[in-house]
Amino acid sequence: MQLTVTDIEDLLELGSRHKFCPYFMSRELKHQADIVFMPYNYLLDPLIRKVLGVELSNSVVILDEGHNIEKNCEEGASFQIKTSDIALAIEDVTGAMKLISTDMPLDFSEEPKEISPEDLCCLKQILLDFEKELDNIPLNHQPPEGTNFDGTYIYTLLEKAGIKTNNFHYLIAVTTNIIQFLTTVSRNGPFARKGVGLQVFENFLTLVFSGTSDEFREKVKMCYKVHIMEEEVKKKRGDSWMKVTSKFGGRVLSYWCFNPGFGMDMLMDKGLRCLILTSGTLAPLRPLISELGLNVQVRLENPHVVKGDQICVKIISSGPDSEILNSNYQNRDNPKYLSSLGRSVLNLCRVIPNGLLIFFPSYPTMAKCEEHWRETGLWGNICQIKPILTEPKDKHAFSNAMTDYYSKIGDPTLKGAIFMGVCRGKLSEGLDFADANGRAFLKGNDWYTLEATRAVNQAVGRVIRHRHDYGAILLLDTKFNYFNVKSQMSKWLQDHIRVVNNFGEAMRDLRVFFKNAEAKFPVTNKPPASSNVPAEFEMLNVYKKNKFDSSISSQSLASTSSSESMDGEVVIHKRISSSILTNNSKRKKNQSDTK
């Protein structure tokens with residue numbers, strides 16, 4: 001009997017034919033499977049792992065496209081609870097009290113023996129005290145709004161409400177029993193509840209008390225921030241819904257993790273046999289290992305699959321008017337810089353065929369350039385050569401924009417198109433701009449942080465998508481020539497980087513490059529996906545370290561080649577013993593406090 005892999009569509013069809021739920025069937029089938037595919041946030045988020053029943057002990061875990069692993073590790077170890085959640089939890093407990101005390105018939109023969117009236121009263125009082133203590137915290141109403149505390153403040157706040165290390169197990173057990181009770185009884189009637197608020201409270205306690213030692217609390221102090229602000233509520237005005245600040249004292253408590261190594265520890269503590277992290281854009285690599293807390297001891301490194309005549313990388317430090325291109329914070333609003341950047345794009349459009357991707361460091365920076373280019377007429381001049389599309393924030397609008405971009409690339413009456421996007425936005429995240437869709441990359445960025453370098457490396461990965469592809473990477477900023485910036489670029493890319501003396505030299509080199517590349521690698525000769533060269537991987541054995549060892553050996557990972565990625569960087573993190581990623585809003589709050 002030949003076995004086949006059942007995908008989502010197959011499960012839907014089988015479920016419709018045989019009258020079963022595809023979701024719950026997939027959860028059952030995973031217990032018999034040797035290989036299970038899932039989004040890796042399912043693995044990194046301890047709450048999702050618990051809900052899905054994902055067992056990781058002695059398992060080999062492969063995290064593909066792991067360039068956002070730090071952010072996912074941080075988000076998996078973070079949590080947010082609102083006073084509206086607490087109020088809902090109080091209503092859940094009250095509903096359980098009424099169900100147990102009423103004479104109305106239930107869907108089971110006897111009352112739950114695990115829940116006593118004392119348990120219900122104790123939990124309700126603790127929830128009331130928690131809500132009161134949260135509401136009593138003074139808030140800063142000046143931008144940035146809200147109040148920040150060290151991570152260990154979470155324990156101070158909970159202790160004021162009567163939640164301590166010696167009773168949190170009891171509270172979680174009582175909460176679990178009440179949730180099970182509420183979901184078991186009849187769902188009809190005025191007292192029907194599902195325990196949603198209590199589930200949020202239970203998840204919150206589970207994360208906060210995932211460790212109880214003094215060492216764990218010291219780690220929380222270094223890795224976490226507690227942020228409290230007023231809760232926004234949705235109100236309907238006319239035909240639209242608007243978010244407005246609650247006038248009734250509602251609060252939002254955010255428990256934010258700022259160390260991806262903390263989230264990685266939570267994963268590795270599940271007794272993994274081996275962890276493999278792979279991506280085309282893991283560079284810069286030393287900080288990655290250090291942040292994730294991985295002790296790398298063995299590595300294998302391979303070159304990229306493309307040849308030198310398929311890639312053109314230029315650092316262009318000045319525009320056609322000899323104005324220095326520097327996108328640091330002080331210069332981003334400089335009209336001379338904005339005009340020179342626009343003229344650079346206008347001239348490059350004339351020699352770059354087909355698709356042109358332009359990446360900016362942020363949405364405001366992109367909007368500023370668009371505004372200035374429209375005011376000066378540069379926008380219209382560029383559009384006469386190639387129509388421009390910009391990356392929207394809304395995912396549905398983004399899908400429509402991409403469809404429009406691809407259609408313009410394929411329109412024989414046009415000379416291609418331009419798509420302006422943001423580093424670490426949807427455009428640079430994982431879309432395929434192979435062949436004619438992505439013939440060049442333009443970037444000017446502020447290079448003061450490692451995040452900027454990672455964002456650019458990820459954006460660069462949108463250009464070369466298979467072994468017969470080719471493209472140009474144009475770095476429009478003088479800071480790209482700094483050693484500390486070039487050394488953090490993907491290793492395969494560093495050997496191809498060339499600094500041009502003036503803008504005219506860049507134009508001449510690009511004309512020659514594309515003329516030769518179009519003759520040698522015509523789009524019509526692109527081989528089918530099945531004939532692509534197998535990916536070459538690097539492997540790094542990472543041996544068991546102490547749980548919170550801060551003296552981690554930061555050895556470099558390596559970049560390799562892949563037929564479908566920029567540089568197939570792979571980390572294998574191995575534990576000898578089986579007994580063992582930001583979001584933007586929280587980073588801004590933390591940075592504001594630092595300033």
Side-chain angles (χ1 to χ4, degrees), residues 5-12 15 21-57 59-80 199 203 206-207 210 256-257 260-282 288 291-292 294 393-396 398-399 402 424-432 454-455 458 461-462 535 537 562 564-565 568-573 581-586:
V5 177
T6 304
D7 60 18
I8 295 176
E9 288 76 15
D10 295 332
L11 277 176
L12 287 173
C21 174
Y23 169 72
F24 284 101
M25 177 58 73
S26 64
R27 290 183 59 174
E28 289 298 319
L29 290 175
K30 78 176 180 0
H31 297 296
Q32 307 171 22
D34 294 317
I35 302 176
V36 179
F37 292 88
M38 65 179 68
Y40 61 68
N41 62 302
Y42 283 22
L43 297 172
L44 296 171
D45 191 318
L47 301 178
I48 297 180
R49 287 202 306 266
K50 178 183 176 182
V51 171
L52 297 180
V54 178
E55 295 293 335
L56 298 177
S57 179
S59 298
V60 175
V61 174
I62 303 174
L63 302 179
D64 191 21
E65 296 295 334
H67 42 261
N68 284 332
I69 189 69
E70 304 103 316
K71 181 184 73 173
N72 280 269
C73 284
E74 291 174 346
E75 291 181 351
S78 301
F79 200 83
Q80 188 178 80
Q199 188 64 67
N203 293 342
T206 300
L207 178 62
S210 57
W256 285 329
C257 177
F262 195 97
M264 182 58 69
D265 273 325
M266 295 174 67
L267 175 68
M268 298 308 299
D269 283 350
K270 296 302 176 182
L272 273 63
R273 179 180 180 182
C274 183
L275 173 67
I276 301 175
L277 174 62
T278 174
S279 172
T281 49
L282 289 179
L288 175 69
E291 288 184 2
L292 293 178
L294 305 181
K393 295 181 181 180
D394 180 73
K395 62 180 180 181
H396 299 295
F398 178 78
S399 178
M402 288 309 309
R424 288 290 175 103
K426 299 179 184 68
L427 181 61
S428 65
E429 171 58 28
L431 296 177
D432 193 341
R454 289 172 179 161
Q458 185 173 324
R462 300 307 101 208
F537 298 106
S562 169
E564 292 296 330
S565 65
E569 298 151 354
V570 180
V571 182
I572 295 185
H573 184 120
L581 173 249
T582 69
N583 67 38
N584 291 334
S585 61
K586 70 180 182 182

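Small disclaimer: the values here were computed from a predicted structure and weren't measured.
Asp10 is linked by a side chain to side chain contact (heavy atoms under 4.5 Å, CB included) to Thr6, Asp7, counting only residues two or more places apart in sequence or in another chain. Taking the side chain to side chain contact (heavy atoms under 4.5 Å, CB included) definition, one finds that Phe24 meets it with Cys21, Arg27, sequence neighbours left out.
Formation of a donor-acceptor pair under 3.5 Å by the Asn203 side chain with backbone atoms of Gln199 is found in this model. Under a 3.5 Å cut-off, the side chain of Ser78 and the backbone N or O of Cys257 do form a donor-acceptor pair.
Between Met38 and Val36, the closest side-chain pair of non-hydrogen atoms falls below 4.5 Å. Residues Leu277 and Asp64 form no side-chain contact, since every pair of their non-hydrogen atoms from C-beta on lies 4.5 Å or further apart. The closest side-chain heavy-atom distance from Leu11 to Glu9 is not below 4.5 Å. Side-chain contact between Asp45 and Glu75 is absent, with no heavy atoms from C-beta onward closer than 4.5 Å. Proximity of Leu272 to Leu267: side-chain heavy atoms (C-beta onward) are separated by under 4.5 Å at one or more points.
Between atom CD1 of residue Ile35 and atom OG of residue Ser59 there is a gap of 12.0 Å, rounded to the nearest 0.5 Å. Distance check: Phe262 CZ to Glu74 CD gives 12.0 Å after rounding to the nearest 0.5 Å.
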Enumerate donor-acceptor pairs with a distance under 3.5 Å from any side-chain N or O in residues 46-56 to protein atoms, sequence neighbours excluded.
from, atom 1, to, atom 2, distance (Å)
Arg49, NH1, Leu43, O, 2.3
Lys50, NZ, Glu202, OE2, 2.8

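Shortest non-hydrogen contact noted between Leu12 and Pro22 is CD2-CG, 3.8 Å.
For Tyr42, the OH atom counts as loosely surrounded, since its 6.0 Å shell holds 12 or fewer non-hydrogen atoms of other residues, nucleotides or ligands.
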